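In what follows, a single structure is set out as structure tokens and then discussed.
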Amino acid sequence: MELAYIPSPSRGVIHLGPIPLRGYAFCIIIGVFVAVWLGNKRWIARGGRVGTVADIAVWAVPFGLLGGRLYHVITDYELYFSEGRDWVDAFKIWEGGLGIWGAIALGAVGAWIGCRRRGIPLPAWADALAPGIALAQAIGRWGNWFNQELYGKPTDLPWALHITSSTDGRVPGHYHPTFLYESLWCVGVALLVIWADRRFKLGHGRAFALYVAAYCTGRGWIEYMRIDDAHHILGVRLNVWTAIIVFVLAVTYFVLSAKKRPGREEVVEPGADVTDGEAEEDEKVDGVVKPEAETDSDETEADSREVTDEAGSAKKT
């Protein structure tokens, strides 16, 4: 009986004339747009202005890409700086290699800069972005599918991933599709954060902390399944240790934040409500704006004239 499996793409890049269209890059770009779109909707629902999320993302995304690449290059330096390797490949981000730990860490620095410039609290912005980031990761993981990388142990399960490439030491065969496992897990994390945020009114960065803790839980066992080369500490992969440490930090922050600052921020973007209210007060009639203040003044003057006329009539009588 023929084995059922998930096929791998024959190639991860299509050339449109001289322009290469890479599947990995498209997955990252689509993920960013989804995160900003969902984050914007959640930010507006919290009382923020339209466009604030995108403005801050202009800072967060480049920092995040840089941080993700730095983490990957540092933790897998032998891929770029060992004998027979070309260090220039460290800059070829389109070939894969982004560490989520570095992306979130340095991306937070960029977001902090953007939030400072807009005068809004970083934790509130992070809460709005949390489920969107999880969905961005879910989409971005499909870039590994295009590159035929980061798969798991051999398996004969019906959903096995069929690897056909033999470059960089790959052995063609059927393996656990860890990219798919993590993608589905991230979708679940996004739904969990959205539900918990609505149910418990999470604030002050706790929605983001929940996202981090939930992601780390899944990343730990998925990482343990992978067979790509990785540094080990006490026989455990480095990223598993990272997931454990970050999980503990996220849970600790969640608990302490709930005790110190319970509830949710009442104002996430100063001035947003005032601006919206002023826009609603002005009414346009036939293209002419007539403020309410002018209407009240006209009515007062009319009343005054009526009183004067009545007094004059009384004198004459």
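These figures come from a predicted structure and were not determined experimentally.
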### Message
Quick check: do Ser8 and Leu161 have side-chain heavy atoms less than 4.5 Å from each other?
### Response
yes
### Query
Which hydrophobic side chains are connected to Ile29, either touching it within the sub-4.5 Å cutoff or through other members that do?
Phe33
### ILVMFWY cluster, Leu122 and Ile120 together (side-chain gap under 4.5 Å)
yes
### Task
Name the orientation class of the two ring planes belonging to Tyr151 and Tyr175 (parallel below 30°, tilted from 30 to 60°, perpendicular beyond 60°).
tilted
### Task
Report yes if some heavy atom in the side chain of Val34 is under 4.5 Å from a heavy atom in the side chain of Ile139; otherwise report no.
yes
### Shared hydrophobic cluster for Trp43 and Leu38 (ILVMFWY, side-chain gaps under 4.5 Å)
no
### Message
Are Val246 and Tyr224 connected into the same hydrophobic cluster when the rule is that any two of I, L, V, M, F, W, Y join if their side-chain heavy atoms are below 4.5 Å apart?
### Response
no
### Query
Could you give the distance from NZ (Lys201) to CZ (Arg206), rounded to the nearest 0.5 Å?
13.5 Å
### Residue pairs fulfilling side chain to side chain donor-acceptor pair (under 3.5 Å) with at least one residue in residues 247-256, sequence neighbours excluded
none
### Query
By the rule that ILVMFWY residues connect when side-chain heavy atoms come within less than 4.5 angstrom, directly or transitively, which residues belong alongside Leu249?
Ile245
### Query
For Trp185, which residues count as a side chain to side chain donor-acceptor pair (under 3.5 Å) partner, sequence neighbours excluded?
none
### Message
How long is the straight-line distance from CD1 of Ile227 back to CZ of Arg170, given to the nearest 0.5 Å?
### Response
11.0 Å
### Side chain proximity check, Val193 to Tyr215, heavy atoms < 4.5 angstrom
no
### Message
Please determine whether side-chain contact (heavy atoms from CB on, under 4.5 Å) holds for the pair Val73 and Phe81, giving the CA-CA distance in whole Å, both sets of side-chain angles, and the decisive distance to 0.1 Å.
### Response
CA-CA 9 Å; Val73 172; Phe81 302 104; 3.7 Å; yes
### Query
Heavy atoms, side chains only, cut-off 4.5 Å: are Val236 and Ile244 in contact?
no
### Minimum heavy-atom distance Ile194-Pro131, with the two atoms named
CG1-CB, 3.7 Å
### Message
Could you measure the distance from the CG atom of Leu180 to the CH2 atom of Trp159? Nearest 0.5 Å is fine.
### Response
10.0 Å
### Message
When you compare the side chain of Lys260 with that of Leu256, does any pair of heavy atoms fall below 4.5 Å?
### Response
no
### Message
Checking Tyr77 now: which residues fulfil ring pair (Phe, Tyr, Trp, His ring centres under 6.0 Å) with it, not counting sequence neighbours?
### Response
His231
### Atom CG of Asp229 with >12 non-hydrogen neighbours under 6.0 angstrom
no
### Query
What are the two closest heavy atoms between Pro177 and Ala160, and how far apart are they?
CD-CA, 4.4 Å
### Results of side chain to side chain donor-acceptor pair (under 3.5 Å) for Arg237 - residues two or more places apart only
Glu223, Asp228
### Message
If we ignore hydrogens and angles and just use 3.5 Å, is the side chain of His232 paired with the main-chain N or O of Ala230 as donor and acceptor?
### Response
yes
### Task
Using a cut-off of 6.0 Å, state whether more than 12 heavy atoms not belonging to Trp221 lie near its atom CH2.
yes
### Query
Is a donor on one side and an acceptor on the other found under 3.5 Å between the side chain of Arg264 and the backbone of Asp197?
yes
### Query
What pair of heavy atoms forms the shortest contact from Gly51 to Asn40, and how long is it?
N-OD1, 3.3 Å
### Query
Who passes ring pair (Phe, Tyr, Trp, His ring centres under 6.0 Å) against His204, sequence neighbours left out?
none
Give every donor-acceptor pair under 3.5 Å between a side-chain atom in residues 57-69 and any protein atom, sequence neighbours left out.
{"unit_1": "Arg69", "atom_1": "NE", "unit_2": "Ala90", "atom_2": "O", "d": "2.7"}
{"unit_1": "Arg69", "atom_1": "NH1", "unit_2": "Gly96", "atom_2": "O", "d": "2.7"}
{"unit_1": "Arg69", "atom_1": "NH1", "unit_2": "Gly97", "atom_2": "O", "d": "2.9"}
{"unit_1": "Arg69", "atom_1": "NH2", "unit_2": "Asp89", "atom_2": "O", "d": "3.0"}
{"unit_1": "Arg69", "atom_1": "NH2", "unit_2": "Ala90", "atom_2": "O", "d": "3.1"}
{"unit_1": "Arg69", "atom_1": "NH2", "unit_2": "Lys92", "atom_2": "O", "d": "3.4"}

### Task
Could you give me the CA-CA distance, side-chain angles and deciding distance for Lys41 and Val53, then say whether side-chain contact (heavy atoms from CB on, under 4.5 Å) is met?
CA-CA 9 Å; Lys41 291 177 65 68; Val53 167; over 6 Å; no
### Message
Around atom OH of Tyr181, are there more than 12 heavy atoms from other residues, nucleotides or ligands closer than 6.0 Å?
### Response
yes
## Note on the structure
CH2 of Trp37 to CG of Leu135, rounded to nearest 0.5 Å, is 9.0 Å
### Query
To which residues is Val251 joined in a hydrophobic cluster, defined by side-chain heavy-atom contacts under 4.5 Å among Ile, Leu, Val, Met, Phe, Trp and Tyr, whether direct or through other members?
Phe247, Val248, Val255
### Message
If I take atom CH2 from residue Trp101 and atom OG1 from residue Thr75, how far apart are they, to the nearest 0.5 angstrom?
### Response
11.5 Å
### Query
Does the side-chain contact (heavy atoms from CB on, under 4.5 Å) test come out yes or no for Asp156 and His174, once each step is laid out?
CA-CA 7 Å; Asp156 57 358; His174 299 87; over 6 Å; no
### Query
Who are the ring pair (Phe, Tyr, Trp, His ring centres under 6.0 Å) partners of Trp112, not counting sequence neighbours?
none
### Query
Which residue pairs pass the side chain to side chain donor-acceptor pair (under 3.5 Å) test when at least one of the two sits in residues 119-141, sequence neighbours left out?
Gln137-Tyr211, Arg141-Asn144, Arg141-Glu182
#### Entry: Plane angle bin for Trp142 and Phe179 - parallel if under 30°, tilted between 30 and 60°, otherwise perpendicular
perpendicular
## Note on the structure
Note: Gly203 and Ser257 closest approach over all heavy atoms is O-OG, 4.5 Å
### Message
Would you say Leu150 ends up clustered with Ile222 if hydrophobic residues are merged whenever their side chains have heavy atoms under 4.5 Å apart, either directly or through other cluster members?
### Response
no
### Summary
Taken in chain and number order and not counting sequence neighbours, the residues that satisfy ring pair (Phe, Tyr, Trp, His ring centres under 6.0 Å) with Trp195 are Phe200
### Query
Roughly how far, to the nearest 0.5 Å, is the CG atom of Asn147 from the CZ atom of Arg22?
9.0 Å
### Query
Is Phe91 atom CZ crowded by more than 12 heavy atoms from other residues, nucleotides or ligands, each under 6.0 Å away?
no
### Message
Can you tell me if Arg117 has over 12 outside heavy atoms packed within less than 6.0 Å of its CZ?
### Response
no
### Query
Backbone N or O of Glu269 within a donor-acceptor pair of the Arg49 side chain at under 3.5 Å?
no
## Note on the structure
Smallest heavy-atom separation, Val189 atom then Ala134 atom, equals CG1-CB, 4.2 Å
### Query
Can you get from Val88 to Ile74 by hopping between Ile, Leu, Val, Met, Phe, Trp and Tyr side chains that sit under 4.5 Å apart?
no
### Query
Given the rule in the side-chain contact (heavy atoms from CB on, under 4.5 Å) test, do Phe208 and Ile133 qualify, once you have shown the distances and angles that lead to the verdict?
CA-CA 9 Å; Phe208 184 81; Ile133 295 175; 3.9 Å; yes
#### Entry: Where Gly220 and Val240 come nearest, the two heavy atoms and their spacing
O-CG2, 3.9 Å
